[in-house]
2 protein chains.
Amino acid sequence: MNELAGKIQIDLRSSEPIYLQIVRQIEQLVAAGSLKQGDQLPTVRELATALRINFNTVARAYRLLDEERLISTQRGRGTYIWEMPTPEIQERLRAHGLEEAARSYLAAALRLGFSPAEAAAALSRVMAGGGGHDAPADHFESF
Amino acid sequence: MNELAGKIQIDLRSSEPIYLQIVRQIEQLVAAGSLKQGDQLPTVRELATALRINFNTVARAYRLLDEERLISTQRGRGTYIWEMPTPEIQERLRAHGLEEAARSYLAAALRLGFSPAEAAAALSRVMAGGGGHDAPADHFESF
DNA sequence: GTTGTGATTGTATAATTGTATTATTGTCGT
DNA sequence: ACGACAATAATACAATTATACAATCACAAC
């Protein structure tokens with residue numbers, strides 16, 4: 001259990017919503033080096049109890065921080081400060097990341113016994129269909 | 001120690017649960033012929049240690065695969081590939097694996113800030129260049 | 001051969017984690 | 001007052017983990 005709760009002060013009378021107060025203060029703690037990569041944050045329920053608020057409010061703050069890639073929330077495991085790549089690495093990742101991902105995808109397709117043309121066709125199908133994020137991955141039911 | 005662990009990559013930040021990531025990837029490895037009938041899988045604790053997760057999560061994946069009759073888990077003995085899927089199932093697994101890989105690639109490209117068209121173009125370049133290496137597992141070590 | 005002990009295997013149950021959905025509350029504009 | 005909308009809370013849920021357990025094996029002692 002983390003003494004982070006003691007470092008966060010919320011003002012219930014403030015016009016700033018509680019969940020934004022939490023977001024802002026955690027951002028500041030990370031910027032100040034008070035929270036480092038890999039540090040585990042208190043659970044939503046721990047922090048909520050310490051701050052005497054509902055844990056869903058903490059969860060909302062954590063969700064925002066997760067979306068901005070500052071933390072990583074993992075159901076059943078907890079929430080952690082996420083490794084923020086340095087700007088140079090970030091740029092290098094973007095520069096080379098796409099090609100590497102493409103190579104990796106092609107290799108996977110070949111391992112599965114498909115031709116490069118089939119790999120490209122599959123990509124087109126996915127682009128046309130549900131373009132966005134990772135799919136529910138419906139694995140087949142036994143029969 | 002089975003080197004299967006090295007072939008399985010999990011993304012703790014993915015919305016896809018860890019146990020389903022394991023299920024899917026083992027299905028793909030079987031479909032691709034990387035795992036054959038009678039092969040012993042790593043124990044739940046071995047694989048869990050290698051992936052830095054709890055062994056119950058691996059056990060849950062194995063249980064699903066066991067219910068699919070793809071593997072056979074035996075208390076006190078270990079886990080083995082039970083039967084090669086029927087050609088129809090195998091083809092279905094292959095197709096599913098390809099779609100999943102394409103979706104994953106597209107998601108990675110979008111995450112890097114590229115458009116779907118750029119993703120497709122990058123794939124074409126890699127196909128033309130005859131990409132030598134399979135680039136394994138860039139990201140996602142801890143947390 | 002049998003038995004016993006310890007190590008290693010998967011299993012079962014419950015506790016802990018974040019998530020999704022819905023209801024309640026509060027505030028502001030009209 | 002009223003209605004709309006954001007913030008918060010209540011409830012149920014899903015994923016992961018912790019803990020204890022049962023089956024199997026290896027191997028030594030008898």
Side-chain angles (χ1 to χ4, degrees), chain A residues 1-2 4-5 8 10-24 26 38-82 133-134 136-139, chain B residues 1-2 4-5 8 10-24 26 39-82 140 142-143:
Chain A
M1 155 252 41
N2 214 324
L4 172 65
I8 293 186
I10 61 171
D11 178 4
L12 294 177
R13 273 172 287 278
S14 170
S15 65
E16 183 182 23
I18 297 174
Y19 73 97
L20 286 182
Q21 295 183 40
I22 297 172
V23 166
R24 177 172 48 77
I26 288 182
D39 283 352
Q40 179 167 20
L41 297 170
T43 69
V44 291
R45 287 171 177 82
E46 271 180 5
L47 186 53
T49 299
L51 300 179
R52 299 167 186 263
I53 58 178
N54 188 277
F55 67 85
N56 287 289
T57 303
V58 177
R60 182 170 183 177
Y62 280 6
R63 181 165 51 82
L64 287 184
L65 290 165
D66 183 90
E67 285 168 358
E68 63 182 59
R69 294 291 190 266
L70 189 64
I71 68 177
S72 166
T73 63
Q74 300 161 24
R75 158 187 319 200
R77 293 173 60 86
T79 74
Y80 302 84
I81 300 294
W82 181 246
H133 291 151
D134 35 358
D138 71 332
H139 63 288
Chain B
M1 166 93 112
N2 203 322
L4 173 64
I8 293 184
I10 62 172
D11 177 5
L12 294 178
R13 300 202 58 172
S14 171
S15 64
E16 183 183 23
I18 298 173
Y19 74 96
L20 286 182
Q21 295 183 40
I22 297 171
V23 166
R24 175 174 50 78
I26 289 182
D39 283 352
Q40 179 167 18
L41 297 169
T43 70
V44 290
R45 287 171 177 80
E46 271 180 6
L47 186 52
T49 299
L51 300 179
R52 302 176 183 220
I53 58 178
N54 188 275
F55 66 85
N56 286 288
T57 303
V58 177
R60 183 171 183 178
Y62 280 6
R63 181 165 52 79
L64 285 185
L65 291 165
D66 184 271
E67 288 167 358
E68 294 175 359
R69 299 288 190 267
L70 188 65
I71 68 178
S72 167
T73 63
Q74 303 160 22
R75 168 190 305 200
R77 295 180 51 79
T79 303
Y80 301 85
I81 300 295
W82 182 238
F140 307 131
S142 44
F143 320 125

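In what follows, every chain begins at residue 1, and chains take the letters A, B, ... in the order their sequences are listed. From a predicted model like this one, the values you see are computed outputs, not experimental measurements. Quick note: numbers below take in every heavy atom, side chains included, and nothing from hydrogens, waters or symmetry partners.
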Over all heavy atoms of both residues, which pair between A:Ser72 and A:Trp82 is shortest? Give the atoms and the distance, please.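 That would be CB-CE3, 3.7 Å.
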Does a side-chain N or O from B:Tyr19 land closer than 4.0 Å to OP1 or OP2 of D:dT16, or not?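 Result: no.
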Sole residue of A:Leu47, A:Val58, A:Leu65, A:Ile81 in side chain to side chain contact (heavy atoms under 4.5 Å, CB included) with A:Leu41: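 Looking at A:Leu47, A:Val58, A:Leu65, A:Ile81, the match for A:Leu41 under the side chain to side chain contact (heavy atoms under 4.5 Å, CB included) is A:Ile81.
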Under 4.0 Å from OP1 or OP2 of D:dA7: is there any side-chain N or O of A:Thr57 that close?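 Checking D:dA7 against A:Thr57, no side-chain N or O comes under 4.0 Å of OP1 or OP2.
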Measure from CD on B:Glu16 to P on D:dA14 and round the result to the nearest Å.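 Result: 17 Å.
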Starting at atom CD1 of B:Ile53, determine the distance to atom C1' of D:dA18, rounded to an integer number of angstrom.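 It is 15 Å, rounded to the nearest whole Å.
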Starting at atom CG of B:Leu64, determine the distance to atom P of D:dA15, rounded to an integer number of angstrom.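 Computing the B:Leu64:CG to D:dA15:P distance gives 10 Å.
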Say whether, by atom type as modelled, one donor and one acceptor occur between the side chain of B:Arg60 and the main chain of B:Ile18 under 3.5 angstrom.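 Side chain of B:Arg60 to backbone of B:Ile18, a donor-acceptor pair under 3.5 Å: no, none is there.
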Reading 5' to 3' through nucleotides 9-23 of chain C, protein heavy-atom contacts under 4.0 Å coded B for base, S for sugar-phosphate only, - for none: BBBB----BBBB---
When the distance from CG of A:Leu20 to P of D:dA7 is rounded to whole Å, what number comes out?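 So the CG-P distance, A:Leu20 to D:dA7, works out to 7 Å.
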Roughly how far, to the nearest 0.5 Å, is the OH atom of B:Tyr19 from the CD1 atom of B:Ile53?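 Going from CD1 on B:Ile53 over to OH on B:Tyr19, the span is 12.5 Å.
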I need a per-nucleotide contact map over nucleotides 24-30 of chain C, read 5' to 3'. Cutoff is protein heavy atoms under 4.0 Å; write B for the base, S for backbone only, - otherwise. -------
Rounded distance (Å) that lies between atom P of D:dA14 and atom CG of B:Asn54: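 Computing the B:Asn54:CG to D:dA14:P distance gives 20 Å.
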Can you check side-chain contact (heavy atoms from CB on, under 4.5 Å) on A:Leu64 and A:Glu67, steps first, answer last? CA-CA 5 Å; A:Leu64 287 184; A:Glu67 285 168 358; 3.7 Å; yes
Quick one, A:Val23 with A:Leu70, criterion side-chain contact (heavy atoms from CB on, under 4.5 Å). Give me CA distance, side-chain angles, the key distance, then yes/no. CA-CA 10 Å; A:Val23 166; A:Leu70 189 64; over 6 Å; no
What are the two closest heavy atoms between B:Val44 and B:Phe55, and how far apart are they?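 Between these two residues, the closest heavy atoms are O-CB, 3.7 Å.
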Can you tell me how far CD1 of B:Ile22 sits from OG1 of B:Thr57, rounded to the nearest 0.5 angstrom?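 Interatomic distance, B:Thr57 OG1 to B:Ile22 CD1, rounded to 0.5 Å: 7.0 Å.
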